[in-house]
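If you scroll down you'll find the structure; I have some questions about it.
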Amino acid sequence: MAISSLTRLATSTITSPPPFATALIISRYFTKRIIFTTATKEKNPPRSFKTMSSSLNSKVIAPYGSWKSPITADVVSGSSKRLGGTAVDPQGHLFWLESRPSESGRVVLVKEDGDEPIDITPPEFSVRTLAQEYGGGAFRIYGDTVIFSNYKDQRLYKQSTSSKGSCPVPITPDYGGPVISYADGVFDARFNRYITVMEDRRVSRTNSTTTIVAVPLDGNIQEPNVLVSGNDFYAFPRLDSKGERMAWIEWSHPNMPWDKSELWVGYISENGDIHNRVCVAGYDPKIVESPTEPKWSPTGELFFITDRKNGFWNLYKWVESKNEVLPLYPLNAEFARPLWIFGMNSYKFIKNEAGKTLIACTYRQNGKSYLGILDDVQGSFSLLDIPFTDIDNIASWNDYLYVEGASAVHPSSVAKVTLDGRKVVDFKICWSSSSDCLKYESYFSQPELIEFPTVVPGQNAYAYYYPPTNPLYQASQEEKPPLLLKSHGGPTAETRGILNLSIQYWTSRGWAFVDVNYGGSTGYGREFRERLLDRWGIVDVDDCCSCAKFLLENGKADKDRLCITGGSAGGYTTLAALAFRDTFKAGASLYGVADLNLLKAETHKFESHYLDKLVGDDKAFFDRSPINFVDKFSCPIILFQGLEDKVVPPDQARKIYKALKEKGLPVALVEYEGEQHGFRKAENIKFTIEQQMVFFARLIGRFNVADPITPIKVDNFD
């Protein structure tokens, strides 16, 4: 239940939109009011403003939450472009894929062309695949040609990248609708074809068929030729430079790709079929591992990443003659991320001045990303000093690396890193999700990585804490700030301490904000990741509550104004924390899970057995579903849901809304037409963050919001 994790949301906020904007529907503004004694405006009236002194340098003393900030919801939603991958053509031109909330989430391939980048994708197209719902790997550059998946019909198209205004031409059949998706493809020059993962949903959406296929590029549209089939899932089909061998990753139910997967190599016959296969990694039942990201070096050696032995995703090399694998640089750090999306690129082969092949790679350790150059022959690793503390994908050309990354002062960006040997001589931002955000720098709250004790003796978890920050305001010394705790999606995912304007929206208004990496998160190795096995709804909830308790004990928050929010799996943790614990006083669930059995029955194939390992037996499914324990809820909740969500269908939000309304709790439900799992339209991003803010302020905040936000009606309150 990752939130289209292919790229981090650079922002997600809100200012005061028209309350009945045409691009969305806001459902059920239930007008019945029931007296709710724990959430009344009269009991704790807003505090008044006063000033410290007449000094020009003094700050205004005002209640936490009431501060004015230029980081408005419009700023947040307008700067929430998402990055969907990068590539470099043979001439060194950088390409990137960006999602634009201002264009209803349309995804556009852009080419760097001097000072003015140009859109390659025509206005009537959007580059996005729905393979496994989360997509990724939606395009591939080869020479002056791009092959891409078009969102509306999910067909593959071929287009020139060198001719302005060139028209995309379809290369796969029209099936009358978006029932077949493609992802993670590569060009096969030997047979003039495109090899790609194909997901076929014609028979069943919840039990689709996934294969690796070849699509001819000769201009004749025909059914793709199946090369590899028989398993539940495939990813990373990768050819060697001669087109004679293909590597790929596969896995089967009930495993997710980070639980257990296999790396295979197939030998390609003269007619283009796979005629011999060998399993490189993942076949030994005595070794639990999840290989990922296979790549062939320019000299024909196969490299990949797996987490055998030390439980961390490290780089390995296959010795073909002996069918054995060798570690390159063992380290208790993650050189890869969980395979939620296709097309990840954590390392690249580069050549030094002497023509020697080296590996540019990134790893993550103790909440920070590092970039470096690995010499696999010498076993040496040279760190590269760049400003990013969070790194995703890498592309390269000559002496340049193009790095997708971010930091506490850099939003999601692409940087051109110029190398001289193993040293960085220049660092330049080529693309930014929010190019003008630095003008708000004095309002930025810097994340503090905290390690806090959990309920299990000797076990700690992690979080990023953001204190309230505003150059013009401060609160009185006796007041503690309201705290918004965020539980990330996944749940097999990781939150990162980067510049996110949706967080700064809260902190610049006087909220404390904490983003939790509970047990089960990635980035800390398999052992930490597997804390959640059979215990989803317990470990994550306990860790979020423990984090809030830790901050309370350290004087960082007001115990009467603790709020929790989360999307997808984080929405489930939010609802579970509100149902089964009494730590938080209000919550916001975005496309969250209320009924685990309903999720298991309705979700898509990729995650259809995910819960088997996370939850356990039938009793656990019932006992950990918040919908079955409405009597345990005791505080206000606001719900947000996309009506086209195939991962967590709308019935989840509607069921919990109806039950809470009938119980008499303050509750509101907002539904968005045209939105799926994660909101992409600027007006909806804006509306969601604004309504969360004003909901918390009215119900438990005891302050007036500075922004002119029109609140929606809250059942059993208004």
Side-chain angles (χ1 to χ4, degrees), residues 4 6 84-85 97 99 103-109 119-142 144-161 163 165-188 191-229 233-235 237 272 341-343 604-606 643-646 673-677 680:
S4 286
L6 46 65
L97 201 61
S99 170
E103 298 181 34
S104 298
R106 190 172 80 95
V107 187
V108 180
L109 184 66
D119 288 358
I120 298 298
T121 308
E124 63 272 22
F125 288 85
S126 179
V127 183
R128 181 183 168 199
T129 176
L130 293 176
Q132 292 181 181
E133 291 299 330
Y134 299 117
F139 76 100
R140 180 72 67 175
I141 302 289
Y142 183 75
D144 62 354
T145 299
V146 61
I147 302 291
F148 69 89
S149 294
N150 183 44
Y151 173 62
K152 185 175 182 180
D153 57 12
Q154 289 295 287
R155 297 174 74 184
L156 286 179
Y157 286 77
K158 180 181 178 181
Q159 182 186 7
S160 170
T161 60
S163 304
S166 63
C167 184
V169 177
I171 61 172
T172 53
D174 182 356
Y175 297 103
V179 292
I180 290 183
S181 297
Y182 308 88
D184 213 9
V186 292
F187 284 84
D188 182 0
F191 293 99
N192 190 30
R193 60 186 183 177
Y194 189 68
I195 296 177
T196 180
V197 175
M198 183 178 84
E199 182 184 50
D200 188 343
R201 300 180 297 276
R202 284 177 292 182
V203 175
S204 171
R205 184 190 69 82
T206 57
N207 192 26
S208 56
T209 300
T210 303
T211 54
I212 298 176
V213 301
V215 177
L217 298 176
D218 58 6
N220 296 316
I221 298 177
Q222 53 189 282
E223 285 290 325
N225 178 44
V226 176
L227 298 178
V228 182
S229 63
F233 304 100
Y234 296 94
I341 60 166
F342 293 103
H604 57 140
K605 180 182 176 182
F606 177 59
L643 292 180
E644 295 183 11
D645 194 335
K646 300 295 192 299
E673 284 185 333
E675 292 284 18
Q676 298 171 318
H677 197 62
R680 293 173 175 265

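These numbers were taken from a predicted model, which means no experiment stands behind them.
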Subject >> Under 3.5 Å donor-acceptor, N150 side chain and S126 backbone >> reply: yes
**OP:** Kindly write out the residues that satisfy side-chain contact (heavy atoms from CB on, under 4.5 Å) with A131, not counting sequence neighbours, or none if the list is empty.
**Re:** T129, S181, A183, E199, F342
**OP:** Kindly give the heavy-atom pair with the smallest separation between A138 and V127, and that separation in Å.
**Re:** O-CG1, 3.8 Å
Subject >> Residue list, side chain to side chain donor-acceptor pair (under 3.5 Å) with N192, at least two apart or on another chain >> reply: none
Subject >> Side chain to side chain, T172 and I180, heavy atoms closer than 4.5 Å >> reply: no
**OP:** Keeping the roles fixed (side chain from R680, backbone from G674), state whether a donor-acceptor pair exists under 3.5 Å.
**Re:** no
Original post:
Going from CD on E675 to CD on E673, what distance comes out if it is rounded to the nearest 0.5 angstrom?
Top reply: 10.5 Å
Original post:
Nearest 0.5 Å, what's the CE-CD distance between M198 and Q154?
Top reply: 13.0 Å
**OP:** Measure from NZ or CZ of K605 to the centre of the six-membered ring of F233, then state whether that distance is under 6.0 Å and the direction lies within 45° of the axis.
**Re:** yes
**OP:** Taking all heavy atoms of A214 and all of L227, pick out the closest pair and write down the distance.
**Re:** CB-CD1, 4.0 Å
Original post:
How many angstroms lie between atom CG of L217 and atom OG1 of T145, to the nearest 0.5 angstrom?
Top reply: 9.0 Å
Original post:
Can you list the residues that meet the side chain to side chain donor-acceptor pair (under 3.5 Å) rule with E223, with sequence neighbours excluded?
Top reply: Y175
**OP:** Determine whether H677 and Y134 make a side-chain contact, defined as any pair of heavy atoms from C-beta on separated by less than 4.5 Å.
**Re:** yes
**OP:** Evaluate the side-chain proximity of I221 to R155: yes if any heavy-atom separation is below 4.5 Å, no if none is.
**Re:** yes
Original post:
Can you tell me if Y182 uses its side chain to pair, donor with acceptor, with the backbone of S149 under 3.5 Å?
Top reply: no
Original post:
Which residues satisfy the side chain to side chain donor-acceptor pair (under 3.5 Å) test with R106, sequence neighbours excluded?
Top reply: E103
Subject >> Where P216 and N220 come nearest, the two heavy atoms and their spacing >> reply: CG-O, 4.0 Å
Subject >> Euclidean distance, K152 NZ relative to E124 CD, rounded to 0.5 Å >> reply: 10.0 Å
Subject >> Taking every non-hydrogen atom, the tightest pair across L130 and R201 >> reply: O-NH1, 4.0 Å
**OP:** Determine, stepwise, if the pair D184 / Y234 fulfils side-chain contact (heavy atoms from CB on, under 4.5 Å).
**Re:** CA-CA 10 Å; D184 213 9; Y234 296 94; over 6 Å; no
**OP:** Taking R140 for its side chain and G185 for its backbone only, find out whether a donor-acceptor pair lies under 3.5 Å.
**Re:** yes
Original post:
Does the T121 side chain pair with the main chain of L109, one donor and one acceptor, at a distance under 3.5 Å?
Top reply: yes
Subject >> Closest non-hydrogen atom pair, S229 against T211 >> reply: CB-CG2, 3.6 Å
Original post:
So do V215 and T196 actually touch side chain to side chain, heavy atoms under 4.5 Å?
Top reply: yes
**OP:** Report the residues that fulfil side-chain contact (heavy atoms from CB on, under 4.5 Å) with P168, sequence neighbours left out, ordered by chain and then residue number.
**Re:** P122, F125, F148, Y157, Q159
Original post:
What's the spacing between I195 CD1 and I212 CD1 if we round to 0.5 Å?
Top reply: 8.5 Å
Original post:
Any donor and acceptor pair, going by atom type alone, linking the side chain of R193 with main-chain N or O of G272 inside 3.5 Å?
Top reply: yes
**OP:** Return the set of residues passing side-chain contact (heavy atoms from CB on, under 4.5 Å) with S160 (not counting sequence neighbours), or none when no residue passes.
**Re:** S162, S163, S166
**OP:** For residues Y194 and L156, determine if any side-chain heavy atom of one lies less than 4.5 Å from a side-chain heavy atom of the other.
**Re:** yes
